[in-house]
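Just follow the structure's listing: the first ligand is 1, and inside any ligand the first atom is 1.
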Amino acid sequence: MKNFISVHDVEDIDALVQQALLYKANPLADITLGTNKKIGLLFFNPSLRTRISTQIAAQNLGMEPIIFNVDKEGWALEFMDGAIMNGNTVEHIKDAAPVLGSYFDILCIRTFPGLKNREDDYAETVINKFKTYSGVPVISLESATLHPLQSLADMVTIKEHIKIEKPKIVLCWAPHIKPLPQCVANSFSQWVSACGNADFFITHPKGYELDAKFTKGAAITNHQQEALANADIVYVKNWSAFNDYGAMPGNHAHWMLTNKKLAVSNNAKIMHCLPVRRNVELSDEVLDGEYSLVTRQGENRTWAAQAVLADILKNNF
Ligand code: CP
């Protein structure tokens with residue numbers, strides 16, 4: 001692949017998952033693949049897992065990662081074509097991205113949505129402009145609408161822990177104290193559908209419908225218990241409204257997942273991308289219980305990132 005922005009950049013998902021598992025078994029198998037290659041990790045927003053797992057993945061391939069906290073340490077960037085820059089922005093992406101492309105062989109970008117203007121966020125302006133102007137491969141470390149490295153790690157985790165041929169996977173909305181992006185839910189839906197080997201359900205309160213382009217093929221219900229019945233995997237995540245963009249319609253604190261609710265499942269494995277608000281999204285008992293895979297998902301972020309980096313190194317240099 002040239003870039004890694006969504007599942008559509010991946011030729012063979014199974015092969016990528018297998019490669020991640022091979023790196024998990026032997027992290028330094030390709031230690032010289034990225035020798036003398038520099039990778040820039042640009043953060044417009046905070047991160048724990050993505051930042052550290054991608055650095056380790058790069059180092060396992062012999063690359064030198066450099067982190068740049070654009071939001072705190074860089075010039076305020078302008079992304080609008082033709083902007084008259086007499087306001088707060090100092091440098092245009094058309095000028096900054098080619099310079100960064102001259103420093104780095106691969107650029108990785110984390111950028112959250114503003115959750116104010118749906119068209120702007122769903123245009124993926126930031127990551128697309130880096131793709132257009134940097135001249136080097138671009139990897140999403142989570143963008144306005146998608147989180148593909150998380151989703152790949154999720155597919156690796158499912159492959160490792162679920163031996164059922166066609167599991168019932170439920171993406172279950174969870175309460176939160178503030179509006180969050182739809183990107184993890186969009187991305188997980190996109191990857192589960194692309195893998196095509198699950199009965200896929202999405203459950204959320206009314207008003208939290210996701211963009212239909214990501215949820216094609218999923219059975220969608222507002223009845224949480226109905227969705228949880230016989231589930232093999234429950235992926236828990238909050239997201240804000242797509243239609244009334246960025247809103248949090250209704251008070252749905254009772255959607256927090258508990259062991260009592262999960263009693264109707266097939267001893268479902270529990271997934272969440274983290275960070276998680278304990279006893280708001282999920283109860284302690286679920287997160288600390290024997291079926292929780294959340295730590296495994298975080299662990300697998302390294303191997304997912306390593307598989308993606310290796311693919312880009314093999315196909316572009
Ligand atoms: N899941 C995830 O992307 O975690 P971070 O925000 O900590 O990177």
Side-chain angles (χ1 to χ4, degrees), residues 4-7 16-17 20 24 39-60 65-72 106-115 121 124 126-127 138-158 160-161 171-174 176-192 210 214 233-240 257 269-278 280-282 286-287 292-309:
F4 186 70
I5 310 287
S6 86
V7 74
L16 202 57
V17 168
K24 186 168 188 170
I39 180 168
L41 276 58
L42 274 53
F43 286 86
F44 288 84
N45 302 96
S47 165
L48 183 155
R49 281 145 289 271
T50 308
R51 170 184 299 241
I52 294 171
S53 63
T54 309
Q55 281 183 88
I56 295 170
Q59 285 168 343
N60 284 347
I66 294 176
I67 289 190
F68 180 33
N69 296 309
V70 186
D71 57 334
K72 296 181 189 73
I106 298 174
L107 271 178
C108 306
I109 319 287
R110 167 163 281 203
T111 176
F112 288 173
L115 291 179
D121 288 345
E124 290 284 12
V126 175
I127 205 149
V138 169
I139 294 176
S140 167
L141 299 176
E142 184 172 342
S143 67
T145 69
L146 293 170
H147 196 353
L149 280 178
Q150 178 66 53
S151 302
L152 175 56
D154 295 337
M155 298 306 116
V156 171
T157 308
I158 290 171
E160 264 187 318
H161 293 274
L171 172 61
C172 182
W173 182 91
H176 206 278
I177 61 156
K178 62 177 192 177
L180 296 189
Q182 295 102 35
C183 56
V184 170
N186 287 343
S187 198
F188 184 73
S189 302
Q190 195 180 48
W191 281 71
V192 170
L210 292 163
F214 297 113
I233 300 166
V234 180
Y235 197 106
V236 187
K237 185 72 186 86
N238 171 267
W239 62 87
S240 59
L257 202 65
K269 296 279 197 288
I270 306 303
M271 300 179 74
H272 188 292
C273 62
L274 302 179
V276 65
R277 296 261 179 172
R278 281 179 173 254
V280 175
E281 296 176 74
L282 283 168
V286 176
L287 276 165
S292 172
L293 294 180
V294 298
T295 307
R296 303 284 79 78
Q297 289 171 261
E299 178 190 355
N300 284 334
R301 292 294 306 275
T302 301
W303 319 118
Q306 194 167 335
V308 169
L309 288 174

Has ligand 1 got any nitrogen or oxygen that is less than 3.5 angstrom from a nitrogen or oxygen of P275?
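No, there is no polar N/O contact under 3.5 Å.
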Taking atom types as modelled, is there a side-chain donor on E142 or N45 under 3.5 Å from an acceptor on the other?
no
How about Q182 and T145: does a side-chain donor come under 3.5 Å of a side-chain acceptor?
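The answer is no; no qualifying pair exists.
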Is it the case that the side chain of S187 and the backbone of L146 share a donor-acceptor pair, with hydrogens and angles ignored and the cut-off at 3.5 Å?
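Answer holds: no.
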Is N69 reaching over with its side chain to a backbone N or O of F43, donor-acceptor style, under 3.5 angstrom?
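No: the side chain of N69 does not pair with the backbone of F43.
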Between the candidates R110, E142, Q150, which shows the shortest non-hydrogen contact distance to atom 6 (O) of ligand 1?
R110
Considering only non-hydrogen protein atoms, determine which one is nearest to atom 7 (O) of ligand 1 and report residue, atom name and distance to 0.1 Å.
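Protein heavy atom with the smallest distance to atom 7 (O) of ligand 1: L48 N, 2.7 Å.
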Which residue holds the protein heavy atom closest to atom 4 (O) of ligand 1, what is that atom called, and what is the gap in Å?
R49 NE, 2.9 Å
May I ask you to identify, for L274, whether its side chain, its backbone, both or neither come under 4.0 Å of ligand 1 on a heavy-atom basis?
backbone
Examine ligand 1 and decide if any of its atoms is less than 4.0 Å from a heavy atom belonging to H147.
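Yes, H147 has a heavy atom closer than 4.0 Å to ligand 1.
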Which of the atoms in ligand 1, numbered in the order shown and given with their element, are less than 4.0 Å from a heavy-atom of C273?
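In order of number, 1 (N).
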Please identify which atoms of ligand 1 are closer than 4.0 Å to at least one heavy atom of R301.
1 (N), 2 (C), 3 (O)
Would the number of heavy atoms belonging to other residues, nucleotides or ligands and lying under 6.0 Å from NZ of K72 be above 12?
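Atom NZ in K72 is crowded, with more than 12 foreign heavy atoms closer than 6.0 Å.
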Option passing side-chain hydrogen bond (donor to acceptor under 3.5 Å, both in side chains) with E299 (candidates Q297, R301, R296)
R296
